[in-house]
Novice: 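There's a structure below that I have some questions on.
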Amino acid sequence: RVGCLSFTVDGTDAFALAASLDQLGIMLRSGDHCAQILHRRLGVPYSLRLSPAFYNTMEEMEKLGEYTEKVIAFFERIKR
């Protein structure tokens with residue numbers, strides 16, 4: 001268990017991914033999360049931040065993974 005998980009998805013805009021997941025009921029933050037210097041050093045403009053808590057269930061976490069995969073696959077299809 002972690003208090004916060006920040007991540008990126010190669011080739012996917014963090015804001016678009018967060019907005020798409022929001023439509024599916026998954027709440028994430030997107031942006032630089034007050035870590036602009038770190039983002040610049042890593043060469044990453046923005047990231048996503050997930051803040052799971054004690055009340056999140058394993059089913060919810062599995063949905064996060066499932067929905068994230070679906071949204072990424074959708075973005076890959078429309079890029080072609």
Novice: I'd like to check the salt bridge (Lys or Arg N to Asp or Glu O under 4.0 Å) partners of Lys63; sequence neighbours left out, ordered by chain and number.
Specialist: none

Novice: The criterion is side chain to side chain donor-acceptor pair (under 3.5 Å); which residues satisfy it with Glu76, sequence neighbours excluded?
Specialist: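 Once residues adjacent in sequence are excluded, Glu76 has no partner under the side chain to side chain donor-acceptor pair (under 3.5 Å) criterion.
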
Novice: Could you pull out every donor-acceptor pair under 3.5 Å between side chains of residues 14-21 and any protein atom, sequence neighbours left out?
Specialist:
| from | atom 1 | to | atom 2 | distance (Å) |
| --- | --- | --- | --- | --- |
| Ser20 | OG | Ala16 | O | 2.9 |

Novice: Please round to the nearest 0.5 Å and tell me the distance separating atom CG of Leu28 and atom OG1 of Thr68.
Specialist: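 Interatomic distance, Leu28 CG to Thr68 OG1, rounded to 0.5 Å: 6.5 Å.
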
Novice: Which atom pairs, donor and acceptor, lie under 3.5 Å between side-chain atoms of residues 38-47 and protein residues at least two apart or in another chain?
Specialist:
| from | atom 1 | to | atom 2 | distance (Å) |
| --- | --- | --- | --- | --- |
| His39 | ND1 | Asp32 | O | 3.4 |
| His39 | ND1 | Ala35 | O | 2.8 |
| His39 | NE2 | Ser47 | OG | 2.9 |
| Ser47 | OG | His33 | NE2 | 3.4 |

Novice: Can you run down the ring pair (Phe, Tyr, Trp, His ring centres under 6.0 Å) pairs that involve residues 56-80, sequence neighbours left out, and say none if there aren't any?
Specialist: none

Novice: Could you pull out all residues at least two apart from Asp22 that satisfy side-chain contact (heavy atoms from CB on, under 4.5 Å)?
Specialist: Met27

Novice: Distance from Leu50 atom CG to Cys4 atom SG, nearest 0.5 Å?
Specialist: 7.5 Å

Novice: Distance from Leu64 atom CG to Met58 atom CE, nearest 0.5 Å?
Specialist: 11.0 Å

